[in-house]
Amino acid sequence: MARWPWVWVESVPWTTGTVLTRGTHDGLPLLTWGRAPRDRLATRRQLRARGLRPGGADPVAVLYVRHRASGRRNFASLYLVESAKPVRPMTPARQAALDKANRARLARRYARYQAAT
């Protein structure tokens, strides 16, 4: 298993000064669990929970999480909260399309259940 050494990085978009990272991943600073400043960086899901979206912005860092018991490694893109945009409001057309997709998904699930019994 690859190990990432601790590295001091001087230029990062979310702060001035040096930041301790685990190197780089895909050209972006690699942060481990608990090292990302939650007030400045967030994943897509965290942005959505705040009512925000990346808004076309590229990720500025990558979050690395390793589960000790299973050995799984997960990577998540981190975005700047200050450059995030509000979520677009739901229009009637979008709501109708989502309802139609959900009905189709439930119908497929019900058909598989009926075929199995």
Restricting to non-hydrogen atoms, name the atom on T43 and the atom on Q46 that form the minimum distance, rounded to 0.1 Å. N-OE1, 2.9 Å
Does the side chain of P59 come within less than 4.5 Å of L28's, by heavy atoms? yes
Could you tell me if the side chain of V19 sits less than 4.5 Å from the side chain of P29, heavy atoms only? no
As a quick check of understanding, evaluate side chain to side chain contact (heavy atoms under 4.5 Å, CB included) for R22 and R35, giving each step before the final call. CA-CA 10 Å; R22 298 293 277 194; R35 297 294 301 176; over 6 Å; no
So for atom CH2, which belongs to W6, do other residues, nucleotides or ligands contribute more than 12 heavy atoms lying within a distance under 6.0 Å? yes
Are the side chains of Y79 and L52 in contact, using a 4.5 Å heavy-atom criterion? no
Heavy-atom neighbours of R44 CZ exceed 12 at 6.0 Å: no
Find the distance between CZ (R94) and CG (L98) and round it off to the nearest 0.5 Å. 7.0 Å
Classify the ring geometry between F75 and H25 as parallel (under 30°), tilted (30 to 60°) or perpendicular (over 60°). parallel
Any side-chain heavy atom of L31 within less than 4.5 Å of one from L78? yes
Mind listing the closest non-hydrogen atom pair of L47 and R53 along with its distance? CD1-C, 4.2 Å
Might you work through the side chain to side chain contact (heavy atoms under 4.5 Å, CB included) test for L63 and L41, ending with a clear yes or no? CA-CA 10 Å; L63 180 67; L41 298 176; over 6 Å; no
Would you indicate whether R50, at its atom CZ, is surrounded by more than 12 heavy atoms from other residues, nucleotides or ligands within a distance under 6.0 Å? yes
Kindly determine whether L30 and T21 satisfy side chain to side chain contact (heavy atoms under 4.5 Å, CB included), including the steps that lead there. CA-CA 6 Å; L30 184 64; T21 68; 5.7 Å; no
Shortest non-hydrogen pair, Y64 vs R73, comes out as OH-CD, 3.5 Å
